[in-house]
Number of protein chains: 2
Amino acid sequence: MPASPAVATAGSATAGQGTRRRAGRPVGGVLDKGGITEGALGLIEKKGYDGLTMAALARSLNVAPSALYNHVKSKRDVLLLVEDHLASLVDVSAFGAGPWEDAVRKWAWSYRDVFSRHTPLIPVIAVLPVTDAPQTLAMYETVSSGFRDAGFPEERIVSSIVALESFIFGSAYDVTAPADIFDPGTMAEATPSFTGAVRSLAEQGHERPADVAFSLGLEALISGLGGLRG
Amino acid sequence: MPASPAVATAGSATAGQGTRRRAGRPVGGVLDKGGITEGALGLIEKKGYDGLTMAALARSLNVAPSALYNHVKSKRDVLLLVEDHLASLVDVSAFGAGPWEDAVRKWAWSYRDVFSRHTPLIPVIAVLPVTDAPQTLAMYETVSSGFRDAGFPEERIVSSIVALESFIFGSAYDVTAPADIFDPGTMAEATPSFTGAVRSLAEQGHERPADVAFSLGLEALISGLGGLRG
DNA sequence: CTTATAAATGAATGGTATTCATTTAGTGGT
DNA sequence: ACCACTAAATGAATACCATTCATTTATAAG
């Protein structure tokens with residue numbers, strides 16, 4: 001059933017992303033980085049990150065697993081393609097269109113929301129050289145430009161962004177945590193202060209406790225970092 | 001060479017952690033949760049998290065891989081044991097022994113340092129019910145008690161700790177990032193603002209740029225969250 | 001001595017990413 | 001119209017990996 005080599009030629013397309021091919025190349029390939037990214041995203045949406053295997057990805061593209069390795073060096077490369085695509089979904093539109101505080105707020109919430117649905121990528125981003133991720137780099141350019149215009153001293157811009165980003169990544173995990181994560185269980189009597197604090201928060205009846213913590217931390221960071229401006 | 005069942009009986013010990021065994025049990029086991037934790041920690045130290053396989057762990061305990069499954073349900077259980085042990089290494093000594101700001105500062109730096117050497121555990125902690133991690137729970141008790149004594153309203157204690165923790169976990173990743181992670185490479189001309197900001201930080205010549213960002217964010221959080229006290 | 005049981009074994013199982021020699025099929029030059 | 005080149009596909013093989021299971025061993029209790 002695995003179709004003869006060029007049978008599926010008609011499909012996907014989405015070509016022309018970056019990688020200009022040299023002359024003298026056949027046009028038959030079903031695959032390219034764009035198509036692989038799309039396939040991976042679709043697979044993640046349907047089956048989650050556990051379902052994202054090289055075999056499943058190849059299958060969704062009607063291709064043998066080994067064919068993928070003509071286009072990506074490793075599975076990590078696939079994750080990188082996905083990550084960079086996600087960066088383009090982060091909302092940076094408020095930078096340059098209003099006060100710095102509002103822009104950071106909008107950007108941070110959007111950034112957290114995007115990656116809270118893709119937490120398995122966070123360890124990948126953390127050590128990802130931006131060189132390999134053009135969309136991610138574009139996001140940084142817009143954000144750092146917004147910080148500069150807001151009056152940040154140049155040598156503090158990157159550190160401030162990194163601090164915010166660290167908080168954002170950590171908070172993305174919180175969103176996925178089970179509701180009863182802080183239930184002390186049988187140890188409740190041994191931990192009265194913590195147990196009381198957990199109960200008290202629960203009684204507030206917030207829809208999403210993770211949002212309360214995120215808002216609290218974000219506002220603290222915004223006002224604290226905002227004080228660095230000249 | 002894989003020794004007859006009870007040959008290594010003399011070893012490890014470290015018994016008595018929680019799991020009281022019922023009467024009528026042989027004493028021959030080389031393994032218990034304490035021994036497994038020690039073995040895993042040693043392996044991580046020597047070979048890193050890639051080297052922590054069930055086979056390698058069993059080998060380091062002079063036991064067959066399948067034997068481990070009499071004591072843990074899965075590899076995730078092993079990671080959990082390790083995580084809980086690490087929680088006991090976090091320095092909470094300053095709570096109750098000085099101003100709240102200093103206690104949080106000391107705790108946060110210590111917390112980040114411990115987990116920056118164990119980042120593969122971060123995704124595990126994030127969704128780990130504290131019930132299964134007594135040492136972790138003990139840490140929370142001390143910290144939340146410190147927040148309470150400092151005058152935090154009860155319903156804000158957990159959210160404040162979560163916000164700090166999120167920042168700490170995200171920052172732990174930064175420590176492990178390669179030095180050139182922000183090198184824009186060939187895209188430098190396309191991203192003048194970001195490139196300038198990166199250069200400017202580099203010229204400051206900080207030993208560990210991650211520490212600058214962490215300090216910046218932590219101080220912002222401390223002063224922002226500190227304002228919640230009654 | 002018998003019986004029950006925790007704890008060990010080793011052989012399988014099913015899944016994983018990745019490599020490699022080989023084949024296919026377009027493209028440009030002659 | 002042929003040829004040489006090469007990107008891109010194949011499928012079989014490799015080396016791990018966590019996990020399961022029927023079986024065996026060794027101790028402790030009655």
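Side chains are part of it too, since the values below use all heavy atoms of this structure and drop only hydrogens, waters and symmetry mates.
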- Query: Within the structure, does a side-chain N or O atom of A:His71 lie under 4.0 Å from either OP1 or OP2 of D:dA9?
  - Reply: yes
Please list every donor-acceptor pair under 3.5 Å in which a side-chain atom of residues 40-54 of chain A meets a protein atom from a residue at least two apart or in another chain.
from	atom 1	to	atom 2	distance (Å)
A:Tyr49	OH	A:His118	ND1	2.6
A:Thr53	OG1	A:Ala56	N	2.9

- Task: For B:Ser215, check side chain to side chain donor-acceptor pair (under 3.5 Å) against everything at least two apart and list the hits.
- Result: none
- Main-chain N/O of A:Ala188 paired to A:Thr195 side chain as donor or acceptor, under 3.5 Å: yes
- Query: What does the inter-axis angle of the helix from C:dC1-D:dG30 to C:dT30-D:dA1 come out as, five pairs per end, nearest 10 degrees?
  - Reply: 0°
- Query: Counting N and O atoms only, with roles assigned by atom type, does the side chain of B:Asp84 sit under 3.5 Å from a partner on the main chain of B:Thr136, one being a donor and the other an acceptor?
  - Reply: yes
- Message: Please determine whether ring pair (Phe, Tyr, Trp, His ring centres under 6.0 Å) holds for the pair A:Tyr173 and A:Phe169, giving the CA-CA distance in whole Å, both sets of side-chain angles, and the decisive distance to 0.1 Å.
- Response: CA-CA 7 Å; A:Tyr173 282 121; A:Phe169 290 151; 8.8 Å; no
- Item | Proximal nucleotide (of D:dA9, D:dT19, C:dT18) relative to the A:Ser74 side chain | C:dT18
- Task: Answer yes or no: side-chain N or O of A:Asn70 and base N or O of D:dA7 forming a donor-acceptor pair under 3.5 Å.
- Result: no
- Message: Using 30° and 60° as the class boundaries, would you call the ring planes of B:Phe194 and A:Tyr140 parallel, tilted or perpendicular?
- Response: parallel
Dump every N/O contact between nucleotides 20-24 of chain D and the protein below 3.5 Å, one line per pair.
none

- Listed once per pair and sorted, the salt bridge (charged side-chain N to carboxylate O under 4.0 Å, His left out) pairs that draw on residues 111-135 of chain B, sequence neighbours left out: B:Arg112-B:Asp211
- Query: In chain order, what residues pass the ring-ring contact (aromatic ring centres under 6.0 Å, His included) check against A:Phe214, with sequence neighbours excluded?
  - Reply: A:Trp109, A:Phe167
